[in-house]
Amino acid sequence: MGNYITLSLELNLFFLRIMKEHSLFLESGFLVKEESLIQRSQWFNQQFEQLLAEVTKVSNGAVGKSVLESQELFTPYTKHAEEKTCRLTGISIDTEITAAQENLCSGSGVQFRRPMHVVVRRINQKALRLVRGLIELKEEALNAIKRCEIFAFQYPLLIEHILREARMYGGFLTELERRGTIAAPCMRKTEIFWNQIMMEHAWFIRGLLDPCEEDLIKTADQFGKEFCCLLAEAKEKECAQIEEIAARTIKQTQGIRDFKEAGTKGILKCEISSMILPLLADHVLREANHYLRILGEGCECQCQEPADSVQCS
C-alpha cells in the first residue's frame with residue numbers, strides 16, 4: 001500500500017504541474033477568436049491546479065528525498081517565473097502551491113492507513129479523467145492547426161510533444177490503478193522517450209529565441225543535434241547494450257540542464273530576447289531535472305514506449 005501511495009504522490013506532484021502548465025501554454029497561444037479553445041484550456045488549467053494543491057497538502061512526509069531534492073517539482077526560479085508569467089499573460093497562477101511545496105519533507109518507512117489509500121485512489125482517478133480530457137483537447141487543436149483551420153502561436157510539433165507527455169502520464173496512472181505499482185522499465189525505452197523530449201526542447205528554444213541571439217541559437221542547435229544522435233543510437237541498441245551510451249546521455253542531459261538554467265535566469269532578468277514565457281523556461285528545466293534523477297537512479301521509475309522516428313535537423 002505504501003508503495004502505491006508514494007508512487008502516486010510523486011507522479012502526481014510532477015505531472016499535475018506539467019499538465020496545468022501545458023494548459024496555460026495552450027491558452028496563451030490561441031488567438032482571441034478561438035474562444036472555445038481558450039475557455040477549455042483555462043478550465044483544464046484551473047482543474048489541474050486545484051488537484052495539485054490537494055496533492056501537495058497530503059504529500060508531506062510521504063514522498064522520497066531524491067524527488068524533493070531533484071528540483072523536478074519546483075526550482076529556485078519557479079515562483080518568480082509564475083509571478084512574471086501571470087503579469088505578462090494575465091492568466092491567474094496560484095503561486096501558493098509552489099510556496100507550500102518548498103516546505104514539503106520526505107518520509108521514510110511511513111505507515112499509511114486505509115483512508116490515505118482511498119484519498120490517493122480518488123486523486124489518481126480524477127487526474128486520469130482530466131488528462132484524458134486534455135489529450136482530446138490537444139488532439140483537436142493539433143488537427144485544426146494541421147488542417148489550417150486555426151492559427152495559434154504554437155508549433156505543431158510542440159503540441160505533439162506535450163501530447164506524448166500527457167499520454168505517458170495517463171499510462172502511468174492507468175498502470176497504478178490496475179496493478180498498484182509501476183513496473184520498472186528498461187533503460188532503452190526511457191532514453192528513447194526522454195532523449196526525444198530533450199532534443200525537441202532544444203529545437204523549441206532555438207526557434208523561440210530572437211534572431212539576434214546568435215550564440216544561444218547555435219548552442220541550442222548543437223544540443224538538438226547531439227540528442228538526435230543519442231536518440232538514434234538508443235533505437236539501434238538492445239537493452240543490454242544501452243549502457244554503452246548512458247554516460248554520454250547523462251553528460252548531455254547535464255549540459256542542456258545547465259543551458260536551460262542559465263536561460264531561465266536570463267529570461268527572468270530580461271537579459272535574453274525571445275518569445276519564451278518565463279514559466280516555459282522553468283518548465284523545461286524541471287523536465288531535465290526529472291530525467292537526470294531517472295538516469296541517476298538507474299531507471300527505477302516510469303518510462304514510455306519508443307517514440308516515433310525523427311529526422312535530425
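For reference, positions follow the sequence shown, starting with 1.
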Whether Tyr169 side chain and Arg164 backbone form a donor-acceptor pair below 3.5 Å:
no
Can we say Glu54 and Lys126 salt-bridge, meaning some charged N sits less than 4.0 Å from an Asp/Glu carboxylate O?
no
Pick from Lys260, Glu21, His201: which one makes a side-chain hydrogen bond (donor to acceptor under 3.5 Å, both in side chains) with His283?
Glu21
For Ser273 and Glu213, work out which heavy atoms get closest and say how close.
N-OE2, 2.8 Å
Between Arg293 and Glu297, is the closest basic N to carboxylate O distance under 4.0 Å?
yes
Looking only at the side chains, is there a donor atom on one of Gln50 and Gln46 sitting less than 3.5 Å from an acceptor on the other?
no
Closest contact, heavy atoms only, Asn124 versus Glu177
ND2-OE2, 2.8 Å
Is Arg40 salt-bridged to Glu140, cutoff N-O under 4.0 Å?
yes
Can you give me the closest heavy-atom contact between Phe30 and Ala141, atom names plus distance?
CZ-CB, 3.9 Å
Same cluster (ILVMFWY, side-chain, under 4.5 Å), Val55 and Leu68
yes
Under a 3.5 Å distance rule, please check whether Asn143 uses its side chain to pair with a backbone N or O of Glu139 as donor and acceptor.
yes
dist Arg122:CZ -> Leu51:CG (nearest 0.5 Å) comes out at 8.0 Å
Within 6.0 angstrom of Arg178 CZ, more than 12 heavy atoms from elsewhere
no
Where Ala183 and Glu175 come nearest, the two heavy atoms and their spacing:
N-OE2, 2.9 Å
Say whether, by atom type as modelled, one donor and one acceptor occur between the side chain of Arg286 and the main chain of Gln71 under 3.5 angstrom.
no
Given the rule that I, L, V, M, F, W and Y join up when any side-chain heavy atoms are under 4.5 Å apart, are Ile205 and Phe153 in one cluster?
no
Is the shortest heavy-atom distance from the side chain of Phe227 to the side chain of Ile197 under 4.5 Å?
no
With a 4.5 Å limit on heavy-atom distance, are the side chains of Leu13 and Thr56 in contact?
yes
For the atom pair CG (Leu230) and NZ (Lys225), what is the distance rounded to the nearest 0.5 Å?
14.5 Å
Hey, does His290 have a side-chain heavy atom less than 4.5 Å from the side chain of Trp194?
yes
Does some side-chain heavy atom of Leu158 sit less than 4.5 Å from a side-chain heavy atom of Glu200?
no
Please give me the minimum heavy-atom distance between Thr6 and Gly64, naming the atom from each residue.
CG2-N, 4.5 Å
Hey, what do you get for CG (Asn45) to CZ (Phe25), rounding to the nearest 0.5 Å?
9.5 Å
Spatial distance of atom CD1 (Ile182) from atom CG (Leu11) [nearest 0.5 Å]
5.0 Å
How many angstroms lie between atom CD1 of Ile18 and atom CD of Glu287, to the nearest 0.5 angstrom?
4.5 Å
Evaluation steps, side chain to side chain contact (heavy atoms under 4.5 Å, CB included), between Thr181 and Tyr4
CA-CA 5 Å; Thr181 189; Tyr4 166 79; over 6 Å; no
For Glu83, which of Lys79, Arg87, His80 qualifies under side-chain hydrogen bond (donor to acceptor under 3.5 Å, both in side chains)?
Lys79
With Asp282 as partner, the option from Thr75, Thr85, Thr264 fulfilling side-chain hydrogen bond (donor to acceptor under 3.5 Å, both in side chains) is Thr75
Got a donor-acceptor contact below 3.5 angstrom from the Gln101 side chain to the Phe74 backbone?
no
Look at the side-chain heavy atoms of Ile, Leu, Val, Met, Phe, Trp and Tyr, link any pair under 4.5 Å apart, and say whether Leu26 and Leu280 land in one connected group.
yes
Side-chain donor-acceptor pair under 3.5 Å between Glu191 and Tyr291, yes or no?
no
Which word best sums up how the rings of Phe172 and Phe15 line up, parallel for under 30°, tilted for 30 to 60°, or perpendicular for over 60°?
perpendicular
Within a strict 4.5 Å, meaning less than it, do heavy atoms of the Phe223 and Met198 side chains meet?
no
Check whether Leu268 and Ile272 end up in the same hydrophobic cluster, where Ile, Leu, Val, Met, Phe, Trp and Tyr are linked by side-chain heavy atoms less than 4.5 Å apart.
no
For the pair Thr95 and Thr78, evaluate side chain to side chain contact (heavy atoms under 4.5 Å, CB included) and give the outcome as yes or no after the intermediate values.
CA-CA 9 Å; Thr95 60; Thr78 302; over 6 Å; no
Using the rule given for side chain to side chain donor-acceptor pair (under 3.5 Å), can you reason through Asn289 versus Ser70, listing the C-alpha separation, both sets of side-chain angles and the distance that settles it, and then say yes or no?
CA-CA 6 Å; Asn289 288 335; Ser70 67; over 6 Å; no
Between Glu136 and Arg132, is there a side-chain N and carboxylate O pair less than 4.0 Å apart?
no
Charged N to carboxylate O under 4.0 angstrom, Glu160 versus Lys146?
yes
Go through Lys265 and Glu271 one step at a time and tell me if the side chain to side chain contact (heavy atoms under 4.5 Å, CB included) criterion holds.
CA-CA 8 Å; Lys265 291 178 181 178; Glu271 296 174 348; over 6 Å; no
Name the orientation class of the two ring planes belonging to Phe204 and His161 (parallel below 30°, tilted from 30 to 60°, perpendicular beyond 60°).
perpendicular
With rounding to the nearest 0.5 angstrom, report the CD1 to NZ distance, Ile93 to Lys20.
6.0 Å
What heavy-atom pair brings Leu134 and Ser23 nearest, and what distance separates the two atoms?
CD1-OG, 3.6 Å
Check Leu216, Asp210, Ile267 against Ser274 for a side chain to side chain contact (heavy atoms under 4.5 Å, CB included) and give me the one that passes.
Ile267
Should the heavy atoms of other residues, nucleotides or ligands under 6.0 Å from CD of Glu35 be counted, would the total exceed 12?
no
Less than 4.5 Å apart, side chain to side chain, heavy atoms only: is that true for Ile91 and Ser28?
yes
Side-chain contact, heavy-atom cut-off 4.5 Å: Trp43 with Leu130?
yes
Taking side chain as C-beta onward, heavy atoms only, is Leu137 less than 4.5 Å from Ser41?
yes
Do Tyr77 and Val284 belong to the same hydrophobic cluster, where Ile, Leu, Val, Met, Phe, Trp and Tyr are linked whenever their side-chain heavy atoms lie under 4.5 Å apart, directly or via other members?
no
Has the side chain of Arg17 got a donor or acceptor atom that lies under 3.5 Å from a matching backbone atom of Leu73?
yes
Check: Asp94 main-chain N/O paired with Glu49 side-chain donor or acceptor under 3.5 Å
yes
